[in-house]
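Inspection log for the structure reproduced underneath, given as structure tokens.
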Amino acid sequence: MARLPETRARNTVVVAGGGFTGIETAAEMPHRMRAALGENADIRVVIVKRAPAIGPDLGPGPRPVIEQALSELGVETLLLSPIMEIDHNGVTLNSGERIDAATVIWTAGARADPIMGQIDAEKDSFGRLHVDRNLKVIGHANVFATGDVACAATDDRGNRTMMSCQHAQNLGRSSGYNVAADLLGVPPIPYSQEKYVTCLDLGPWGAVYTEGWDRQVKLSGAEAKKLKTTIKTTWIYPPSADRAAALEAADPLRVVMA
């Protein structure tokens, strides 16, 4: 950015999508842009969202904290504003409004790897395979699925795994164990992960941490940021290259909330 001539477009970043990733990305942009362009640069960061609220999948619980953080960081939100066109110079919204921006970041959703289409089995709206409690693909006796390609029950109340490290790590432990158990003819250990938490990074402002599927706010600001930093720098990393440490980390009964 700093090597480009100063224009309104150079100083503007549009983030397409106001979900988990879009919010985290936008919250980081103002201080990163000022670090590149100078503290007094006239910057603009805009989240463009087709839904009527920011973070619709996160629910109303953490929304006031998110809105406060984005406001104090100087991030704008344009709701009910689908993008109709992206070009080299910015975006055009369905209203006809034009936003000149040299940088457009697309965060409008994730899907399972397309290779899942090769498996003739029931899938959810993200293309993930439906699995039983042992993570075996329903209808296929010798196929297991895990991580972001598995749609698995986390409990007996109808909740399903999310495409996140929180569930992927524990799905990995369970699927690895159960594949080995299936080969050896020993009983599997059903996957279960009843506790659900969310920790959303909000850049220099801090973070917001919630518990439960209804996302009740438990921590916010600097206190939640400390937890988020631990998650990002410690919990989601693989164990050291040590056999005992690796086997301990692979225990399917060792549930880590990350």
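Residue numbers count from 1 along this sequence.
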* What do the steps show when you test Thr210 against Val197 for side-chain contact (heavy atoms from CB on, under 4.5 Å), and what is the final call? -> CA-CA 6 Å; Thr210 70; Val197 305; 5.9 Å; no
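- With a 6.0 Å radius and a threshold of 12 heavy atoms from other residues, nucleotides or ligands, Asp120 has its CG atom at or below the threshold.
- At a cut-off of 3.5 Å, with distance as the only test, a side-chain donor of Tyr209 or Glu211 sits close to an acceptor on the other residue.
- Taking CD1 from Ile99 and CG from Asn89, the interatomic distance works out to 13.5 Å, rounded to the nearest 0.5 Å.
- In Glu223, the CD atom is not crowded: 12 or fewer heavy atoms of neighbouring residues, nucleotides or ligands sit closer than 6.0 Å.
- Without hydrogens or angle criteria, Thr154 side chain to Thr161 main chain gives no donor-acceptor distance under 3.5 Å.
- Within 6.0 Å of atom CG in Asp214, more than 12 heavy atoms from other residues, nucleotides or ligands are found, so the atom counts as buried in its surroundings.
- Side-chain atoms of Glu122 never come within 3.5 Å of backbone atoms of His130 as a donor-acceptor pair (strictly under, hydrogens ignored).
- With hydrogens and angles disregarded, no donor-acceptor distance shorter than 3.5 Å links the side chain of Arg8 to the backbone of Asp100.
- With a 6.0 Å radius and a threshold of 12 heavy atoms from other residues, nucleotides or ligands, Asp242 has its CG atom above the threshold.
- Side-chain N or O atoms of Ser71 include none that pairs as donor or acceptor with a backbone N or O of Gln68 at under 3.5 Å.
- Between Met29 and Ile105 the shortest side-chain heavy-atom distance falls below 4.5 Å.
- More than 12 heavy atoms of other shown residues, nucleotides or ligands fall within 6.0 angstrom of atom CZ in Arg157.
- Listed for the Thr107 side chain is a donor-acceptor partner under 3.5 Å among the backbone atoms of Ala16.
- Side chain of Asp155 to backbone of Asn159: a donor-acceptor contact under 3.5 angstrom is found.
- Looking at heavy atoms from C-beta onward, Thr198 lies in side-chain contact with Phe20 at the 4.5 angstrom threshold.
- Put simply, the side chain of Thr146 gets close to the backbone of Leu171: a donor and an acceptor are under 3.5 Å apart.
- More than 12 heavy atoms of other residues, nucleotides or ligands lie within 6.0 Å of CG in Leu184, so this atom counts as buried by the packing criterion.
- Summarising the geometry, atom CG belonging to Leu129 is positioned 5.5 Å from atom NZ belonging to Lys123; distances are rounded to the nearest 0.5 Å.
- Here the straight-line distance linking atom OG of Ser81 with atom CD1 of Ile47 works out to 12.0 Å at 0.5 Å rounding.
- Residues Glu24 and Asp201 are in side-chain contact: their nearest non-hydrogen atoms beyond the backbone lie under 4.5 Å apart.
- With rounding to the nearest 0.5 angstrom, the CD atom of Gln166 is 10.5 Å from the CH2 atom of Trp235.
- At a threshold of 4.5 Å between non-hydrogen side-chain atoms, the residues Leu219 and Val208 do not count as touching.
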* Kindly determine whether Thr229 and Leu227 satisfy side-chain contact (heavy atoms from CB on, under 4.5 Å), including the steps that lead there. => CA-CA 5 Å; Thr229 300; Leu227 174 60; over 6 Å; no
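- Remark: Asp182 engages Lys136 in a salt bridge, criterion side-chain N to carboxylate O under 4.0 Å.
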* Given Val45 and Met33, is the side-chain contact (heavy atoms from CB on, under 4.5 Å) satisfied, shown in steps? -> CA-CA 9 Å; Val45 179; Met33 293 174 71; 3.7 Å; yes
* To do: I would like to know whether Asp124 and Arg160 meet salt bridge (charged side-chain N to carboxylate O under 4.0 Å, His left out); could you show each step before the answer?
  => CA-CA 11 Å; Asp124 71 356; Arg160 293 274 174 176; over 6 Å; no
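- Of the charged side-chain nitrogens involved, none lies within less than 4.0 Å of a carboxylate oxygen, so that Arg215 and Asp57 do not count as a salt-bridged pair.
- The SG atom of Cys199 sits 4.5 Å away from atom CD1 of Ile231, with the distance rounded to the nearest 0.5 Å.
- Using a 4.5 Å heavy-atom threshold, the side chains of His167 and Tyr196 count as touching.
- Side-chain contact check for Tyr191 versus Asn134: every heavy-atom pair is 4.5 Å or farther apart.
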* To do: Begin with the C-alpha distance, continue with both residues' side-chain angles, and end with the deciding distance and a verdict on side-chain contact (heavy atoms from CB on, under 4.5 Å) for Leu70 and Ile54.
  => CA-CA 10 Å; Leu70 294 177; Ile54 196 74; 4.3 Å; yes
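- Between Arg128 and Met116 there is no side-chain heavy-atom pair separated by less than 4.5 Å.
- Counting only heavy atoms from C-beta outward, the side chains of Leu79 and Pro52 never approach each other to under 4.5 Å.
- Atoms CD1 and CZ, on Ile83 and Arg50 in that order, are 10.0 Å from each other to the nearest 0.5 Å.
- When Asn178, Asp156, Ile189 are each tested for a side chain to side chain contact (heavy atoms under 4.5 Å, CB included) with Arg133, only one passes: Asp156.
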